[in-house]
Amino acid sequence: MRLRVEFTTEPFDLDEAPAHAVVAREVIQTAELDAVDVGPFGNTAEGGADQVLTAVDSLVRKALASGATRVSLQVNVIAEDAQ
């Protein structure tokens with residue numbers, strides 16, 4: 001099964017990326033995922049179910065530990081051929 005995760009962390013800071021946002025992006029960028037897209041207002045990544053779920057667990061834990069007050073995420077099952 002393939003999954004797509006979309007996430008944001010708060011609070012926002014338009015002048016400089018807060019520590020929790022940097023940590024969350026690092027988790028996603030270093031995970032064994034593909035189709036990673038990070039941006040100032042949202043981030044997405046795709047990969048196998050185990051890899052995505054492992055990354056989501058780490059992302060939530062590390063973002064909260066780094067000062068996030070909210071982590072919003074959505075996880076969707078995607079078709080195997082929708083790469």
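Here, residue 1 is the first one in the sequence, and each next residue gets the next number.
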Can I get a per-line list of side-chain donor-acceptor pairs under 3.5 Å for residues 67-75, giving both atom names and the distance, sequence neighbours left out?
residue	atom	partner	partner atom	Å
Thr69	OG1	Glu10	O	3.4

| message | Quick one, Val77 and Leu3 - any side-chain contact, counting heavy atoms below 4.5 Å? | response | yes
With a cut-off of 3.5 Å and sequence neighbours excluded, list every side-chain donor-acceptor pair involving residues 19-29.
residue	atom	partner	partner atom	Å
His20	ND1	Thr9	OG1	2.9
His20	NE2	Pro11	O	3.1
Arg25	NH2	Gly39	O	3.1

| With a cut-off of 6.0 Å (strictly less than), are more than 12 heavy atoms of other residues, nucleotides or ligands near CD of Glu6? | yes
| Linking I/L/V/M/F/W/Y whenever any side-chain heavy atoms sit under 4.5 Å apart, do Phe12 and Leu59 land together? | no
| query | Does Asp34 pair with Arg2 as a salt bridge, N-O distance under 4.0 Å? | reply | yes
| query | So, for Val52 and Glu46, which heavy atoms are closest and what is the spacing to 0.1 Å? | reply | CG2-C, 4.2 Å
| request: Verify the cluster assignment for Leu33 and Leu53: are they in a single hydrophobic cluster under the rule of side-chain heavy atoms below 4.5 Å apart? | output: yes
| Is the backbone N or O of Phe7 less than 3.5 Å from a side-chain atom of Asn43, with the two atoms forming a donor-acceptor pair by type? | yes
